[in-house]
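Here's the structure we're looking at; comments come further down.
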Amino acid sequence: MKPLPGFRDFHPAECARRDYILATWREVARRYGFVEYDGPVLESMALYEKKSGGELVGQLFDFEDKGERRVALRPEMTPTLARMVAARERDFKKPLKWFCCPQFFRYEKPQRGRGREFYQFNADIIGETSAAADAELIALAIDTLRAFGLTENDFVVRVSTRAEWAAFLEKRGRAERMAEFLAVIDKIERSQPEELAKQLQPFGVSLEEVRMELSKPAEQWETGAALLEDLHARGLTSFIQFDPRIVRGLAYYTGFVFEIFDRGLSERALAGGGRYDSLLSLISDGRVDLPALGFGMGDVVLGNMIDDTPAAAAKRDAWLAANRAIDGYIIVAQEDRRGEALALVQQLRDAGQRVDFPLTSAKVGKQFQTAEQLGAAWTVLIGDEWPLVKCKTLATRAEMLLPPEELLAHLSPPEISD
Ligand code: HAM
């Protein structure tokens, strides 16, 4: 029996790698003053049909529950977040800076970088219209990837705005066909010129006009200059590339949008997001009207990139080694001292030390071997020397005899990890 296609088992090694990603996401989000929230795993199907739009609706894991409700496993967070904020908007001081790291489900064709289940870091700012918020969000996305040991040589943030394309269509009297038009622009990188010209015809737009729009300098975009200036002050412009071909697949985006890719553009997007200033109003039937922006970053493409980038893989492996290791191992050299050994194990664990010991009798040499394998920094041997115990620092092989009650003072305090 294997897991279903696109689903992953997380044995301890994979679980630790996933936790490294989640712990790093949380650490950087908190550095930026974001607070964590969460929502239900199962939502009404209508939430996504009405609010996500695009390809996503065809990828839902949906079914009818026993109460005959049409429901779906969550494929993304944004509609849930909009609903949650709209429901209790008055309780929160604006702007809200919220993040979460949930697991999502999408019925996609499993392939490199895509599964039917994945974790996604979401960071959103609600209640702020300024380009300063756009820049803060992009800076968070960049610093998150930097925290994994990735640099501007490894990834690029491609920034664009739907507002420019909206104005472009409006000038041509085709504003109502925005969604279809954006679907054509979204595929521009993969389309042949003749094919593209044909697809643009129904919008009364020539390929030449689109090319002109694509070459317009970002400083002339509505918020381009302010965004660039802010990111320049943070020293982050080397990560940025303005690129109007990026329009995003989800229906709710209204303004600036961005996607992050590996420099070689050989992987799928690492992250994507943008402004969705109308979604809260849509979801609350006009009751709550708040501007919003955010992004999502998945664990699958990121995990592949960490694997393929030596500096990032080394950083992860150092974290894994530090987190997997126990602090110490109790060697039970005489079985008739097992009671004293258990008392000591209990006392050390109560003090916060990560301690292991043999559950059944084993040769002393074997026990030392186990201690090394578990990454213990020290061992405490209980045997002939009782009422003294022999404490050994494994790295230096230095040993000392001491009474058990002095042990805690002798051992370094346990490391607190997230
Ligand atoms: P999205 O572009 O659908 O945006 O997903 C964002 C990221 O999640 C992708 O760039 C990718 O890394 C990851 N991802 C998406 N689908 C899969 C999959 N099937 N397997 C593995 N990874 C995947 C959103 O979801 C928006 N709700 C983000 C957002 C938040 N916008 C505003 N706030």
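In each ligand, atom 1 is the first atom listed, and ligand 1 is the first ligand listed. All residue numbers refer to positions in the sequence shown, counting from 1.
- Looking only at protein heavy atoms, the nearest one to atom 6 (C) of ligand 1 is Gln120 NE2, 3.1 Å.
- Summarising the contacts of atom 17 (C) of ligand 1 with Tyr253, Phe261, Phe118, the nearest heavy atom is found in Phe118.
- Scanning the protein heavy atoms around atom 1 (P) of ligand 1, the nearest turns out to be Arg248 NH2, 3.5 Å.
- Of the possible donor and acceptor atoms, none in the side chain of Arg354 sits under 3.5 Å from a partner among the backbone N and O of Gly328.
- With values rounded to the nearest 0.5 angstrom, Phe168 atom CZ is found 11.0 Å from Met178 atom CE.
- Each of the atoms 26 (C), 27 (N) of ligand 1 lies under 4.0 Å from some heavy atom of Tyr252.
- The Asp124 neighbourhood of ligand 1 comprises atoms 30 (C), 32 (C), 33 (N), with distances under 4.0 Å to a heavy atom of that residue.
- Against a heavy-atom cut-off of under 4.0 Å, Gly113 is close to the following atoms of ligand 1: 20 (N), 21 (C), 22 (N).
- Closest to atom 20 (N) of ligand 1 among all protein heavy atoms lies Gly115 N, 3.0 Å.
- Atom CD1 of Ile246 and atom CD of Gln241 lie 9.0 Å apart (nearest 0.5 Å).
- Applying the side-chain contact (heavy atoms from CB on, under 4.5 Å) criterion to Thr237, with sequence neighbours excluded, gives Leu228, Leu231, His232.
- Atoms of ligand 1 found under 4.0 Å from any heavy atom of Asn122 (numbered from 1 in listed order, with element): 30 (C).
- Ring centers of Phe121 and Phe295: under 6.0 Å apart, within the cut-off.
- Using a 4.0 Å cut-off to heavy atoms of Val300, the atoms of ligand 1 that qualify are 21 (C).
- Counted by atom type alone, Thr78 and Tyr252 present one or more donor-acceptor pairs between their side chains at under 3.5 Å.
- In terms of protein heavy atoms, atom 28 (C) of ligand 1 is closest to Gly296 N, 3.4 Å.
- Nearest-heavy-atom check against atom 25 (O) of ligand 1 across Arg106, Arg116, Met77, Arg268 picks out Arg106.
- Of all the listed residues (Glu76, Met297, Arg275, Glu108), Glu76 holds the heavy atom that lies closest to atom 27 (N) of ligand 1.
- Taking every non-hydrogen atom of Ala271 and a distance limit under 4.0 Å, the qualifying atoms of ligand 1 come out as 10 (O).
- Summarising the contacts of atom 30 (C) of ligand 1 with Thr80, Asp299, Thr78, the nearest heavy atom is found in Thr78.
- Checked against the 6.0 Å centroid threshold, Phe357 and Tyr329 do not count as a close aromatic pair.
- For atom 9 (C) of ligand 1, the nearest protein heavy atom (residue, atom name, distance) is Ala269 O, 3.9 Å.
- Taking distance alone, with nitrogen or oxygen atoms compared against 3.5 Å, Glu117 stays at or beyond that limit from ligand 1.
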